[in-house]
Structures are given as C-alpha cells and as structure tokens.
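Chain A is the first sequence line, chain B the second, and so forth, proteins listed ahead of strands; every chain is numbered from 1.
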Amino acid sequence: MSDFQYARAGDVAEALRLGAAPGAAFLAGGTDLLQLWKAGVQSPGQVIDISRLPLKDITAADGVLTLGALARLAEVAAHPAVHPLIVEAIAASASGQIRNMATVGGNLLQRTRCVYFRSHDLACNKRSPGSGCGALAGENRQAALFGTSQACVATHPSDLAVALAALDAEVEIIGPGGTRRLGLDELYRLPGDTPEQDANLAPGELIASVIVPAFAGRSTYLKVRDRASFEFAVVSVAAALRVEDGRIVQARLAAGGVAPRPWRLRAAEAALTNGASFAEAGALAIEGAQPLADNGFKIELLRRAVVRALETVGGAA
Amino acid sequence: MPDPGRIALALTLNGAARALTVAPTDTLLDLIRDQLGLTGTKKGCDMGACGACTILADGRRIKACLALAASYDGAAITTIEGIGALEAPHPLQEAFARHDALQCGYCTPGQIMSGLAVLDEHPADLETIREAMSGNLCRCGAHPNIVAAIAEVAGL
Ligand SMILES: Cc1cc2nc3c(=O)[nH]c(=O)nc-3n(C[C@H](O)[C@H](O)[C@H](O)COP(=O)(O)OP(=O)(O)OC[C@H]3O[C@@H](n4cnc5c(N)ncnc54)[C@H](O)[C@@H]3O)c2cc1C
Ligand code: SF4
Ligand code: FES
Ligand code: FES
C-alpha cells in the first residue's frame with residue numbers, strides 16, 4: 001500500500017484548493033476510497049478530509065428535498081422529510097455499519113465493483129487506460145446491458161443513485177468558478193473511449209448537495225441480488241407512479257445493475273402514461289439490451305423486475 | 001521532537017481521554033490493535049465485508065478497517081474491552097454465552113458491538129435483527145444463536 005499525506009479541509013474554499021492538486025483525493029466516509037487504496041487500485045498522494053465541511057444538512061422546503069453531500073446514509077434514511085423511495089434504496093444498501101459511515105456524495109461517486117477494476121494486476125481500461133477490458137471476453141456476469149462500449153462494460157453500483165434518478169434529482173457541484181447543477185444522466189459519463197473518468201467533474205470539484213423535487217405518487221425500490229442482504233444489486237428497479245382516476249398520469253422508472261449509470265427507462269415511462277400495460281412496459285424496458293457471454297440472464301430478470309415493481313406500486317392498475 | 005509525518009489525535013477510548021499520534025495511513029483498526037494493544041477488535045477481511053472489526057464511534061457502529069484514524073479526531077470510541085469485564089460481563093455477553101452464540105469466537109467481538117447498536121434501535125422482531133446483523137458474518141455459522149441472544153436481551 002502506498003503512502004499518502006493527510007489534510008483536513010477547514011472550509012469549502014480550502015477543499016477546492018487542496019483538491020485541485022495533482023494526486024489529491026477527497027475523503028468523506030472513506031469506505032470506498034480506503035478499499036481502493038488497500039487494493040492498490042488508487043494511490044492518492046494527498047487525502048483531503050472533507051467530512052467536517054458544513055455540507056451535511058437535510059432540509060425540505062416547498063416539497064423540495066435537499067440532501068447535503070456529507071450527510072451519512074443512515075441519517076438520510078432516518079430523516080422524516082426524505083422520500084420513501086430514497087429510504088428504501090438506502091435500507092437495501094451495504095450494512096448498518098457502512099450506512100453509518102458512507103455519505104451521499106461518496107455513494108454517488110463510488111466506483112464500479114467490476115472484479116478486473118478492483119484487482120490491481122488484471123487488464124482494465126478504467127483503472128489502467130489502454131490495458132484492455134478484461135471483462136469483455138472474460139468474467140462478465142455482472143456487466144452492463146446498456147450504454148457500454150468496446151472499452152468498458154462495467155455497471156455503476158450505487159442503489160441511492162437509482163432512486164435519485166427516478167425522482168429526477170439534481171446534483172449541485174461547487175468548483176473554482178462557482179456552482180452548477182447536473183441531472184444524474186449528466187453527472188455520469190458513458191465510457192466511450194475514455195472509461196477512466198466516471199463523472200463529469202473536474203479535479204477538485206465538490207458535490208455540495210443533491211436536490212430532489214417533489215413527487216406526489218407511490219413508489220418502490222426492488223433490488224434483486226445473489227443473497228438477501230449486504231450485497232450489491234444484480235438488477236434493481238426504482239418505480240414511481242402517480243395515478244389519478246385509475247389512469248397513470250406520471251411514471252418514473254430507473255434500473256440499476258444494467259448500465260454505467262442509473263438507467264432511466266423512458267420508453268416504458270412514456271408508454272405507461274399512454275395506457276400501456278405493465279407487461280408492455282416490461283417489454284419496452286429491455287429493448288436495445290446488448291448482452292455479453294454471461295450476463296444475458298439479466299435481460300429477462302430486468303423485464304420481470306420492472307413488471308414486479310410496477311405491480312407493487314400500482315396494484316392492478 | 002514530534003515526528004513531522006505523524007498526526008496528533010485526541011480520542012476518548014472506552015471512557016478515558018487519550019492523546020495520541022497516528023500515521024496518515026493508519027485505520028482505526030490498526031490504531032486500536034497495533035498501537036493501543038486492544039486486540040479484542042478483530043481484523044477479518046480488512047475490506048468492510050465481514051464486520052469482525054465493528055466498534056462504536058460516538059455511539060454508532062462502524063467498521064474500523066475502513067475508518068481513517070486521522071478523520072476521527074475528537075471521537076468517543078468504544079471497543080469490546082469497554083463494555084464489560086470477565087467479572088462483570090455485559091448482559092449481551094452473558095446472553096451470547098447462554099445461547100452458545102459462537103464457536104471459534106473470532107467474529108464475536110464484532111457481533112456483540114454490532115448487536116449493541118441493533119438493541120439501541122429496539123428491533124421489533126427476529127427478522128429485523130437478522131437484516132440488521134447482515135454486516136457481521138460468522139464463518140462458523142452461529143447466526144441462529146447470535147440472533148437468539150440479541151432477541152433475548154431485546155425482550156423478544
Ligand atoms: C462491503 C460493502 C458493501 C457495500 N454494499 C453496497 C450496496 O449494496 N449498495 C451501494 O449503493 N453501495 C454499497 N457499498 C458502497 C458504499 O455505499 C460506498 O462505499 C459509500 O457510499 C461511499 O461513500 P463514502 O462517503 O464512504 O465515500 P468515500 O470513500 O469517502 O469517497 C468515494 C469517492 O467519492 C469522492 N467523494 C466523496 N465525497 C465527495 C464529494 N462531496 N464531492 C466530490 N467527491 C467526493 C471521493 O474522493 C472518492 O473518490 C458497499 C460498500 C462496502 C464496503
Ligand atoms: S468492464 Fe470496465 S471496469 Fe471492468 S475490466 Fe472492462 S474496462 Fe475495466
Ligand atoms: S475486518 Fe473490517 S469488515 Fe472485515
Ligand atoms: S464464531 Fe467462528 S466466525 Fe463466528
């Protein structure tokens with residue numbers, strides 16, 4: 001394991017300054033950064049502790065929920081103003097101990113669980129650009145169905161991000177030039193030829209908060225995994241519906257475990273508001289899926305998970 | 001002369017104030033076991049996956065192997081050594097013994113520290129305890145008895 005220096009950022013300005021230096025990495029809860037460092041995947045020269053910055057508040061005003069990037073997942077899930085879909089996704093994430101440590105911002109920026117990426121000596125374009133993608137022709141049971149490239153087929157592992165995508169949340173980012181907001185589809189990059197960069201963030205930019213607009217409807221988070229608890233998703237679905245007079249007037253669907261970012265199922269959403277059945281929505285959800293040798297089972301799993309999630313939210317609608 | 005590579009750290013450890021220095025790369029687990037000699041807290045996976053290193057920081061259970069020590073300056077840390085003694089065990093420790101909630105015992109300190117946090121949440125039933133304890137693995141498979149021991153202390 002490599003050595004690093006440690007500095008605690010006293011305020012946001014200091015964090016931006018220290019974080020922009022080459023080799024610097026922010027530490028929030030540290031649960032992913034320390035794993036990657038111990039595995040030899042990431043070797044920061046300088047760890048900048050941002051965990052005490054005043055970006056922890058969870059607030060609700062006019063139905064709009066704001067989650068400070070440094071709020072811990074356990075605090076978010078316990079807060080009465082937080083949308084139940086977010087609470088469910090967090091309750092299905094990691095373990096009680098990790099939820100006490102992990103932060104909102106760190107969770108969104110955690111890196112893929114692809115085994116090649118997490119092993120310092122296997123081929124992986126994301127970890128070591130140009131070394132090849134070990135998963136493409138190797139162990140790819142966990143790989144993505146959508147949004148991949150020949151350079152990388154990894155999925156994003158966050159459960160919270162899937163719930164936030166379904167709720168049309170935005171991420172507020174602070175950089176040297178001020179603040180900007182990105183939707184989750186804009187925050188995460190698709191791999192293309194440069195899979196080494198997961199997010200559209202410049203070095204030293206900070207996630208300050210996540211803003212979640214109101215959604216007046218029912219929702220569920222369905223997570224399918226290899227064991228019942230303390231495991232990443234094979235496939236997950238966040239579904240939210242607003243039903244009026246027996247008609248679906250608003251539908252939101254996002255899938256996890258199937259793409260390099262939470263994958264909004266917009267064709268299925270549009271069909272549902274035009275009177276499509278849950279079965280038809282399930283069929284639309286898997287259109288365009290591009291399986292590899294070992295992950296084709298995820299297509300049928302996704303279709304069924306979409307139907308099950310919709311039935312849970314919408315009853316017999 | 002203080003070593004310029006080390007970081008000053010003030011902790012409350014099992015109720016006693018401690019002034020220490022740590023390397024920037026030390027985890028709380030390294031600090032507790034190697035520097036402070038409190039070997040009740042175990043190192044299993046060192047990657048957040050087994051729960052053997054579970055301790056309380058400011059009353060909340062965490063995995064000491066993924067906690068960078070320097071980041072916990074000022075925290076109140078409780079380890080298995082801080083909750084009971086051989087002469088005066090904690091009720092949860094007694095329940096573990098009564099229920100045979102261990103075989104080799106390696107996971108036990110982590111199970112008990114995690115169980116204490118679960119008891120604070122007043123679990124409503126056995127299923128809640130099982131789910132809440134999923135971050136603590138037992139290689140010997142004592143899980144049913146671990147759940148039973150926690151349930152007894154919870155009054156279930
Ligand atoms: C055993 C285990 C099981 C897990 N299971 C699940 C699971 O089921 N579902 C799930 O979703 N996750 C799971 N996780 C992942 C876990 O949720 C993440 O490790 C955690 O959320 C990361 O948050 P953190 O605050 O600890 O991040 P850190 O490790 O501190 O940071 C992660 C990354 O984000 C950067 N960063 C952090 N905060 C900011 C910020 N505000 N602005 C800019 N950059 C920032 C850091 O520099 C670093 O690159 C699991 C982890 C473990 C160890
Ligand atoms: S899928 Fe992506 S992360 Fe996995 S080996 Fe290929 S390049 Fe690396
Ligand atoms: S040693 Fe910390 S979780 Fe396994
Ligand atoms: S008692 Fe042996 S690992 Fe749990």
Colleague: Are B:Lys63 and A:Ser95 close enough that some pair of their side-chain heavy atoms sits under 4.5 Å apart?
Modeller: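 They are in side-chain contact.
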Colleague: Counting distance only, does the side-chain N/O of A:Lys38 pair as donor-acceptor with the main-chain N or O of B:Cys65 below 3.5 Å?
Modeller: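 Yes; judged by distance alone, with no hydrogens or angles, the pair exists.
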Colleague: CD1/B:Ile62 to CE/A:Met101 distance, rounded to the nearest 0.5 angstrom?
Modeller: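 Answer rounded to 0.5 Å: 4.5 Å.
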Colleague: Does A:Arg118, at its CZ atom, have more than 12 non-hydrogen atoms belonging to other residues, nucleotides or ligands within less than 6.0 Å?
Modeller: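 Buried by this count: over 12 neighbours within 6.0 Å.
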Colleague: Is A:Leu33 in contact with chain B via its backbone, its side chain, both, or neither, using a 4.5 Å heavy-atom distance?
Modeller: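 Interface part for A:Leu33: neither.
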Colleague: Counting distance only, does the side-chain N/O of B:Arg61 pair as donor-acceptor with the main-chain N or O of A:Asn100 below 3.5 Å?
Modeller: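 Not a single qualifying donor-acceptor pair exists.
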Colleague: Quick check on the interface: out of B:Asp46, B:Asn136, B:Thr54, who has the most heavy-atom pairs with chain A under 4.5 Å?
Modeller: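 Most pairs with chain A among the choices: B:Asp46.
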Colleague: What I'd like to find out is whether the side chain of B:Arg60 reaches to under 4.5 Å of the side chain of A:Glu75, using heavy atoms alone.
Modeller: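 A side-chain contact exists here, since the closest heavy-atom pair is under 4.5 Å.
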Colleague: Step through the shown structure and confirm whether more than 12 heavy atoms of other residues, nucleotides or ligands are within 6.0 Å of CZ on B:Arg98.
Modeller: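 Result for CZ/B:Arg98: enclosed.
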Colleague: Pick one of side chain, backbone, both or neither for B:Ile7, based on which atoms fall under 4.5 Å of a heavy atom in chain A.
Modeller: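 Contact with chain A involves the side chain of B:Ile7 alone.
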Colleague: Output the distance between atom CG (B:Leu68) and atom CH2 (A:Trp37), rounded to the nearest 0.5 Å.
Modeller: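 That separation rounds to 7.5 Å.
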Colleague: So which part of A:Asp3 gets closer than 4.5 Å to some heavy atom of chain B, the side chain, the backbone, both or neither?
Modeller: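 Both the backbone and the side chain of A:Asp3 come within 4.5 Å of chain B.
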Colleague: Does any heavy atom of chain A fall under 4.5 Å from the side chain of B:Ala23, the backbone, both, or neither of them?
Modeller: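 When you check distances to chain A, no heavy atom of B:Ala23 falls under 4.5 Å.
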Colleague: Tell me if the CD atom of A:Glu14 is crowded by more than 12 foreign heavy atoms within 6.0 Å.
Modeller: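 Result for CD/A:Glu14: enclosed.
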Colleague: Hey, is the main chain of B:Ser71 close enough, under 3.5 Å, to the side chain of A:Arg52 for a donor-acceptor pair?
Modeller: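 Between the backbone of B:Ser71 and the side chain of A:Arg52 there is a qualifying donor-acceptor contact (under 3.5 Å).
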Colleague: Once rounded to the nearest 0.5 Å, what's the spacing between atom CE of B:Met47 and atom CG of A:Leu36?
Modeller: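 Spacing of CE (B:Met47) from CG (A:Leu36) equals 8.0 Å.
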Colleague: May I have the step-by-step check of side chain to side chain contact (heavy atoms under 4.5 Å, CB included) for A:Tyr6 and B:Val22, ending in yes or no?
Modeller: CA-CA 11 Å; A:Tyr6 171 89; B:Val22 294; over 6 Å; no
Colleague: Between A:Ala39 and chain B, which part of the residue has a heavy atom less than 4.5 Å away: side chain, backbone, both or neither?
Modeller: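 Backbone plus side chain of A:Ala39, per the 4.5 Å heavy-atom cut-off to chain B.
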Colleague: Chain B heavy atoms under 4.5 Å from A:Ser51: which part of the residue, side chain, backbone, both or neither?
Modeller: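 For A:Ser51, the side chain is the part near chain B, not the backbone.
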